[in-house]
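Notes to accompany the following structure.
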Amino acid sequence: MDLSAANNAGNRKGLSLFALIMIGLGSIFGSGWLFGAGQAAQVAGPAALVAWVIGAIFIGMIAMSYAEVGAAYPLPGAMARFGSISHGPVLGFVTGWAVWIATASLIPIEAIAGTQYMSSWSFGWARGLVSDGSLSATGIATALLLTVALWLACYWSVALLARANNLLTLVKFAIPVLACGALIASGFHTGNFTGHGGFAPNGWSAVLTAVTASGVVFAFNGFQAVVNLGGTAKNPGRAIPLALVGALSLGLVIYLALQVAFLGAVPPEKLAEAGGWSGINFASPFADLAKLLMLHWVVTMLQFGAFISPNGANIGNVASSAYLAQNLAETGFFPRKIAEVHPRYGVARPAMWLNLGFSVLLLLTIGHSWEALASVVSAAMVVSYLMGPIAVGVFRRTKPQLPRPFKLPAAAVLCPLTFAFAACALYWSKWPNTGKVALLTLVSVPIAAVVLRRRGEKSLARQFAPAWWMVAFLLWLALLSALGSTEFGGHGVLPGGVDIALVALSSVGFYYWAVHAGVRAHRAGLPGPDPVLDTAAAPAVPEPRSPEPAGAAAR
């Protein structure tokens, strides 16, 4: 789907910096703000504030590595292509598969968010959408309806939705700000931050778990829309890093304000009745809290925002996931038909059909609540982040002549550190989520083998050589997660502290293995033609002239 074209109908110069920031901010403010503060408070108590800061630092480090490679390769759906450019087709498919899974999963989760907030409506049928913290059969049907409705809107009229994106983002920006002010003004209880078990009632390990399992990483994941769509900006080299910094900075400020407002607004008697923060479990956190405080206008505003925020964010999600599916099709690992773009609407309709089918599958299997799906999707997102720092390391060694409009400072230190941070974040998502995501990612390996064999590839060992580090890394991390401390869902074979240290130190070794594998892949010629360097070096081929009609010369 060509969102840029739609967003700039009649203006083919590309997205402006402001439009790119709005796309990033619009994706960041999806359903994360509706649920993240409540879920993080339940897991980590007031220390959830620290989780948001850690999450922003982590995503900021990831985003800056992607800013370098994204500005150097300003390609639509770029996050699905970096593995192929750095290591060759097999790793390109494995990492592209992970990015596609993580991005396409956002479509149903936003519909689930809207449905859960609908349960706060005063209508009898609305209250029946959620039962015991999960969507009822009616709730699942409603989420399916919302998913298909948005999909149809993008399918037929992406141009209209894209033009409305800036306005939707401003509305989405205003609603959480107003909600924060109203909750704080209604009565702010400073004792909530130290009472009921203290600032970190569930320990600091719960803070780390909140980073991935409670929607913090999920909330900031909108930065991917900037990278995936930044290639269509007027000046990608300048626009991508500035848009990333702008969207993430604004996002952090508002998320911290939302968390402070939620923590301070919960009535102390409600906390005492629930036995502390772990017992605070709202199906629609801010709306239910506003009802408790008799802020009826805030409830109405939040119910409106529950439609605007998720569905507005899904404009970018539908566009990004379509681009990613197209890229996988163009590599030959997905059917080529998926990459076909409608000549009139500029929409990759086969890719959209694929994403719709995947969304429905998630809704019918594990998508019974925002919290359940967010924990798995967040872990999948972390896997999709792994290629950023590795691509920087590989390209610095193999492509010194590559134009880099933005260059990551101190990359020799920051890249392995960022990769280690990503590995720890994946571990913090807890067992069995780590195992589920590792398995879901590694499903792509046998698919790649079958596709290559059908192509007539004689040496699978040569093709798979640059990708074995990823297979080993995911299996190793799943093993550590299963054996790790009980604080992170493991079986307690590895004591707390030792498990995280082992994850961090071993991941540095995997980083250098991955970079070395990329360098060797380039020496073997596996990545193929460079989409920037080889295009720039190729001589311009004049387009064939149409034969002139008879008598043209005389005229």
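Quick caveat: nothing in here was measured; it's all calculated off a predicted structure.
- Using a 4.5 Å heavy-atom threshold, the side chains of L417 and P389 count as separate.
- In this structure, the separation between CG on L146 and CE on M118 is 6.0 Å, given to the nearest 0.5 Å.
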From CA spacing to verdict: side-chain contact (heavy atoms from CB on, under 4.5 Å), F358, S105 | CA-CA 8 Å; F358 181 68; S105 300; 3.5 Å; yes

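- In terms of heavy-atom proximity, A478 sits nearest to A438 at CB-CB, 4.3 Å.
- Contact of the L129 side chain with the Q116 side chain is not registered, since no non-hydrogen atoms from C-beta on lie closer than 4.5 Å.
- Nearest approach of L363 to A143, heavy atoms of both residues: CD2-CB, 3.9 Å.
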Under the side-chain contact (heavy atoms from CB on, under 4.5 Å) criterion, do F488 and I500 qualify, and how do the steps go?
-> CA-CA 10 Å; F488 295 105; I500 295 179; 3.8 Å; yes

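- Here the side chain of S134 pairs no donor or acceptor atom with the backbone of S369 at under 3.5 angstrom.
- A heavy-atom distance below 4.5 Å is not found between the side chains of V360 and T147.
- Atom-to-atom distance recorded for F282:CZ and F35:CZ is 13.0 Å, nearest 0.5 angstrom.
- The shortest distance between side-chain heavy atoms of I280 and L271 falls below 4.5 Å.
- Inter-residue side-chain proximity for I254 and W33 is flagged as unmet; no heavy-atom pair is nearer than 4.5 Å.
- A 4.5 Å side-chain heavy-atom check between L289 and P267 finds at least one atom pair inside the cut-off.
- Contact of the W428 side chain with the C424 side chain is registered, since non-hydrogen atoms from C-beta on lie closer than 4.5 Å.
- Remark: F473 pairs with F419, F510 by the ring pair (Phe, Tyr, Trp, His ring centres under 6.0 Å) rule, at least two apart or across chains.
- A distance of 11.5 Å separates CD1 in I57 from OG1 in T418, rounded to the nearest 0.5 Å.
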Report the C-alpha separation of L208 and E487 in whole Å, then their side-chain angles, then the decisive distance to 0.1 Å, and conclude whether the side-chain contact (heavy atoms from CB on, under 4.5 Å) test is met.
-> CA-CA 10 Å; L208 300 178; E487 294 173 325; over 6 Å; no

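- Here the side chain of N202 pairs a donor or acceptor atom with the backbone of V43 at under 3.5 angstrom.
- T434 pairs by the side-chain contact (heavy atoms from CB on, under 4.5 Å) definition with L426, S429, W431, S481, not counting sequence neighbours.
- Taking every heavy atom of both residues into account, G489 and K430 meet most closely at N-CG, 4.3 Å.
- No donor-acceptor distance shorter than 3.5 angstrom exists from the side chain of T103 to the backbone of W100, with no hydrogens or angles considered.
- Residue L373 holds its CG atom at 9.0 Å from CG of L106, rounded to the nearest 0.5 Å.
- There is no side-chain donor-acceptor pair under 3.5 Å between N192 and W277.
- Of all heavy-atom pairs spanning P46 and P201, the tightest one is CD-CD, 3.9 Å.
- Across all their heavy atoms, S359 and A104 have their closest contact at OG-O, 4.0 Å.
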Give the C-alpha distance, both sets of side-chain angles, the deciding distance and a yes or no for side-chain contact (heavy atoms from CB on, under 4.5 Å) between L364 and L144.
-> CA-CA 9 Å; L364 295 179; L144 280 170; 4.1 Å; yes

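- Looking at S119, its side chain never comes within 3.5 Å of a backbone N or O of T115 through a donor-acceptor pair.
- The closest side-chain heavy-atom distance from F406 to I240 is not below 4.5 Å.
- The CG atom of L302 sits 9.0 Å away from the CH2 atom of W297 when rounded to the nearest 0.5 Å.
- The backbone N or O of G128 lies less than 3.5 Å from a partner atom in the side chain of S136, making a donor-acceptor pair.
- Across every non-hydrogen atom of V299 and A287, the tightest pair is CG2-O, 3.8 Å.
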Acceptor/donor pairs from residues 256-265 side chains to any protein atom, 3.5 angstrom cut, sequence neighbours excluded:
from	atom 1	to	atom 2	distance (Å)
Q259	OE1	W52	NE1	2.7
Q259	NE2	A37	O	3.1

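- One finds the CG atom of L34 at 9.0 Å from the CD1 atom of I175 (value rounded to the nearest 0.5 Å).
- For H491, the NE2 atom is loosely surrounded, since the number of other residues' heavy atoms within 6.0 Å does not exceed 12.
- Put simply, the residue from F220, F421, F223 that forms a ring-ring contact (aromatic ring centres under 6.0 Å, His included) with F58 is F421.
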